[in-house]
Amino acid sequence: MFRTTTCGALRGSDNGRKVTLAGWVDSARDHSGVFFVNLRDRYGKVQTVFYSTMADSSAFELVKTLRNEDVVQIIGTVRLRPEGLVNPNMPTGEIEVEAEKLVVLNRSEVVPFIPSAPEVPSEEMRLKYRFLDLRRPEMQRILVLRHKMTKVMRDFFDEQDFVEVETPVLGKSTPEGARDYLVPSRVSQGSFYALPQSPQLYKQLLMIAGYDRYMQIARCFRDEDLRADRQPEFTQLDIEMSFIEMEDIIAMMSSLVQRLMKDVLGRELTLPIPRMTYDEAMERFGHDAPDLRFGMELKDVTDVAKETEFKVFRATADDGGRVRGINVKNAADQFSRKDIDGLTAWCADQFGAKGLVWFKVDADGKLTGSSAKFLAETDLERIAAKLEAEPNDLLLFSCGDFLLTCRVLNGLRRRLASQLKLYDPSEMNFCWIVKFPMFDWSEEENRWVAMHHPFTAPLVEDLEFLESDPGRVRAQAYDLVLNGFEAGGGTIRIHDAETQNRVFALLGMTREEAKGQFGFLLDALQFGAPPHGGIAFGLDRLVMLFAGVDNIRDCIAFPKTAKASDLMTGAPSPVAEKQLAELAVKVDLPPNGKNA
RNA sequence: GGAGACGUAGCUCAAUUGGUUAGAGUCCCGGACUGUCGAUCCGGUGGUUGCGGGUUCGAUUCCCGUCGUCUUCGCCA
């Protein structure tokens with residue numbers, strides 16, 4: 001037997017047990033007559049001790065040659081540590097293993113970095129030597145947490161009669177949505193598969209096929225630029241149900257989240273999860289995924305702006321724009337003029353804000369600041385009242401069209417809350433956002449585009465405006481928000497061909513175009529499609545939030561860099577001419593082609 | 001596609017307004033030590049300052065380009 005126990009398992013009660021351990025050398029300490037080796041595996045660490053007086057003297061010579069990350073097997077006896085030498089910082093600190101035999105299973109070269117070192121190496125090093133990085137306890141904690149979460153998900157849905165079905169990875173490219181990853185076909189030269197952005201259409205077809213409760217932990221691909229919380233290859237918990245309404249999905253998923261909180265983090269979550277409409281979220285927080293762990297809500301003062309002579313305010317209001325602001329409570333003394341200029345420049349750079357109007361509240365509750373002199377006393381008082389200004393508050397205002405003020409104030413709100421530590425980072429704050437708009441007007445394409453996807457069902461009460469006032473139509477859509485991140489989202493689908501065709505028409509798609517792209521779905525809708533809907537959670541992001549880390553790469557075993565490359569394997573890479581020839585693919589780099 | 005930050009020893013970092021031989025910790029090598037646990041102590045090896053160009057008497061430092069990593073805007077139905 002290679003090992004009779006793991007490195008993290010031994011306790012005082014194992015005193016006297018003869019054990020065989022196997023693992024990596026975490027540290028080796030030479031005290032001449034006594035030699036300590038801390039042995040590590042994914043279950044923990046245990047101290048082993050070698051004495052110069054041990055029976056097998058060759059083992060004592062051998063142990064002196066051990067270096068970090070050598071893989072060894074140690075046979076010995078568990079001993080309670082002598083009095084005063086117990087290490088309370090180690091779970092196995094009550095005991096040590098007195099070695100009798102040492103087998104070197106494999107020597108390690110000198111490692112580029114030591115997994116147990118206190119300083120974390122640069123991310124570049126970690127990604128290049130990911131196998132070493134994954135030896136770090138923090139990475140093991142996250143990957144095990146991820147496993148627990150997917151296990152809870154599978155158990156939960158299994159108990160509710162869901163069926164896990166795998167859908168294809170090689171699929172058909174569709175023009176809507178994100179850029180596709182393409183895979184050339186050898187058998188049909190000149191034709192391409194697309195990797196799925198999500199299993200959306202397949203899961204709807206499964207509903208039509210009668211699998212009324214479907215789940216999948218599905219890999220999805222989107223060839224778009226990356227972010228701290230976005231990878232080109234990511235995982236969704238994908239759900240679809242038949243004969244249900246939005247309330248059923250929300251209840252089901254709320255219950256899952258409650259279970260995850262309980263089983264994974266040991267924390268209670270009281271249901272129901274609060275709800276907010278999209279309009280309310282945009283009005284109060286400037287974003288459709290508001291972070292509700294802190295206040296600093298957006299307040300509108302456009303009506304004051306309309307009546308004032310202060311040009312910045314007045315012009316905005318007269319142009320049909322909005323003047324909105326936030327109150328940074330009790331922070332005026334923490335922001336110098338220079339700091340505020342810094343915030344203004346940041347807003348200009350990040351969101352295209354023309355400027356910020358700011359006031360500080362003095363000890364008498366009066367607004368002061370460079371813009372105060374342009375405003376009448378009564379206007380200042382009205383503004384102060386609307387923002388519930390108190391002495392030493394800092395008020396920041398953004399002027400412009402509604403969406404600009406949303407972007408600017410949401411950005412400021414998040415940045416300042418983080419900077420001023422206005423929330424408990426360990427809080428898990430869930431919220432459902434409902435009643436999203438169906439369509440967005442695209443200036444670029446000069447047409448309406450679907451905000452979710454073109455199979456989303458409109459709210460029944462808004463159906464009548466579908467042609468007359470598309471901007472007014474709201475969708476049967478719902479997002480779960482956790483700590484200001486969109487954790488997941490879903491919709492009730494259109495299940496009749498007539499409504500589907502009306503939506504396609506509004507999106508500027510002819511019947512022929514729709515048929516060409518989604519013909520199989522339109523066909524299927526005519527063969528007995530049940531009412532259905534579903535949702536998908538971003539698993540990597542959910543793990544990130546449950547693990548309390550701020551980076552999705554730490555939640556994926558082998559992630560990609562911001563340029564979508566894998567520093568360990570070197571993917572993507574050029575391929576042999578022969579491979580390209582088989583696929584009838586020609587590489588045509590631009591003259592300044594940056595490709596290697 | 002745009003913006004910003006960073007790139008110095010194997011690793012983590014320092015280096016004053018641009019100024020002598022680019023330092024420290026760790027790792028590694030050698031030595032000491034019978035109770036350490038981020039061991040300690042003594043000694044030693046280790047550098048094309050990412051790469052290319054420019055300014056300068058002199059560049060880790062300033063400028064331009066380029067590559068890489070990160071953050072972010074656009075983008076992500």
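A note on names: the letters A, B, ... follow the listed sequences, proteins ahead of strands, and every chain is numbered from 1.
Residues passing the ring pair (Phe, Tyr, Trp, His ring centres under 6.0 Å) test with A/F518 are A/F455, A/F504, sequence neighbours excluded. Residues forming a salt bridge (Lys or Arg N to Asp or Glu O under 4.0 Å) with A/E513 (at least two apart in sequence, or on another chain): none. Evaluation of the salt bridge (Lys or Arg N to Asp or Glu O under 4.0 Å) rule for A/D133 yields A/R126, A/R130, A/R136 as partners, not counting sequence neighbours.
Within residues 219-236 of chain A, the residues approached by RNA chain B to less than 4.0 Å at the level of any non-hydrogen atom are A/R222, A/E224, A/D225, A/R227, A/A228, A/R230, in residue-number order.
Applying the Watson-Crick and G-U wobble criteria (two distances, each under 3.5 Å), B/G74 pairs with nothing in any strand. For B/G38, there is no paired base (Watson-Crick or G-U wobble, both distances below 3.5 Å). Nucleotide B/U69 forms a pair with B/A5, judged by Watson-Crick or G-U wobble geometry with both contacts under 3.5 Å. Base pairing of B/C62: its partner is B/G54, meeting the Watson-Crick or G-U wobble criterion (both donor-acceptor distances under 3.5 Å). Judged by Watson-Crick or G-U wobble contacts below 3.5 Å, the nucleotide B/C33 has no partner.
Counting only heavy atoms from C-beta on, A/R81 has its side chain closest to B/C37 among B/C70, B/U34, B/C37.
Residue pairs meeting the salt bridge (Lys or Arg N to Asp or Glu O under 4.0 Å) criterion with at least one member in residues 446-459 of chain A, sequence neighbours excluded, are A/E176-A/R447, A/E445-A/R447. Counting only residues at least two apart or in different chains, salt bridge (Lys or Arg N to Asp or Glu O under 4.0 Å) contacts with residues 469-485 of chain A comprise A/E461-A/R474, A/D462-A/R474. Sequence neighbours left out, not one pair with a member in residues 80-96 of chain A passes salt bridge (Lys or Arg N to Asp or Glu O under 4.0 Å).
At a threshold of 4.0 angstrom between heavy atoms, the contacts of A/T491 with the nucleic acid are absent. Using a 4.0 Å heavy-atom cutoff across all strands shown, A/R415 reaches no nucleic acid atom at all. Within the 4.0 angstrom heavy-atom criterion, no nucleotide atom of any strand lies near A/K45. Among the protein residues, A/Q197 comes within range of no part of the nucleic acid, since none of its heavy atoms lies under 4.0 Å from any strand.
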Report all side-chain donor-acceptor pairs from residues 33-44 of chain A shorter than 3.5 Å, counting only partners two or more places apart or in another chain.
from  : atom 1 : to    : atom 2 : distance (Å)
A/N38 : OD1    : A/R29 : NH2    : 3.3
A/R40 : NH1    : A/D26 : OD1    : 2.8
A/R40 : NH1    : A/E69 : OE2    : 3.1
A/R40 : NH2    : A/E69 : OE1    : 2.9
A/D41 : OD1    : A/Y43 : N      : 2.8
A/D41 : OD1    : A/G44 : N      : 3.3
A/D41 : OD2    : A/C7  : N      : 2.9

Which donor-acceptor pairs under 3.5 Å do the side chains of residues 406-417 of chain A make with protein atoms, sequence neighbours left out?
from   : atom 1 : to     : atom 2 : distance (Å)
A/N410 : OD1    : A/R414 : NE     : 2.8
A/R413 : NE     : A/G295 : O      : 2.9
A/R413 : NE     : A/M296 : O      : 3.2
A/R413 : NH1    : A/D291 : O      : 3.4
A/R413 : NH2    : A/D291 : O      : 2.8
A/R413 : NH2    : A/F294 : O      : 2.9
A/R413 : NH2    : A/G295 : O      : 2.9
A/R414 : NH1    : A/G484 : O      : 3.0
A/R414 : NH2    : A/H287 : ND1    : 3.2
A/R414 : NH2    : A/A289 : O      : 2.6
A/R414 : NH2    : A/G484 : O      : 3.3

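Counting heavy atoms from C-beta on, the side chains of A/S442 and A/W448 never come closer than 4.5 Å.
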Residue pair A/K203, A/D238: steps toward the salt bridge (Lys or Arg N to Asp or Glu O under 4.0 Å) verdict: CA-CA 9 Å; A/K203 65 176 176 176; A/D238 197 40; 2.7 Å; yes
Check the pair A/F50 / A/F60 against ring pair (Phe, Tyr, Trp, His ring centres under 6.0 Å), numbers first and verdict last. CA-CA 7 Å; A/F50 292 72; A/F60 195 74; 7.3 Å; no
For a salt bridge (Lys or Arg N to Asp or Glu O under 4.0 Å) check, start with the C-alpha distance between A/E512 and A/K515, then their side-chain angles and the critical distance, and finish with the verdict. CA-CA 5 Å; A/E512 286 66 37; A/K515 210 171 171 180; over 6 Å; no
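Positionally, the nearest nucleotide of RNA chain B for A/V34 lies more toward the 5' end than for the other of A/E124 and A/V34. Mapping A/G84 and A/T561 onto RNA chain B by nearest heavy atom places A/G84 at the nucleotide closer to the 5' end.
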Using atom names, set out every protein N or O paired with an N or O of nucleotides 39-45 of chain B below 3.5 Å, distance rounded to 0.1 Å.
from  : atom 1 : to    : atom 2 : distance (Å)
B/A39 : N6     : A/D30 : O      : 2.9
B/A39 : N1     : A/H31 : ND1    : 3.4

Using nucleotides 46-48 of chain B, report all nitrogen or oxygen pairs with the protein that are shorter than 3.5 Å.
none

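With hydrogens and angles ignored, the 3.5 Å screen pairs a side-chain donor or acceptor of A/Q231 with a backbone N or O of A/K560.
Distances shown here put every side-chain N or O of A/R179 at or beyond 4.0 Å from the OP1 or OP2 atom of B/G74.
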Where along nucleotides 3-11 of chain B does protein come under 4.0 Å, by heavy atom, of base (B) or sugar-phosphate alone (S), with - for untouched nucleotides? S------SS
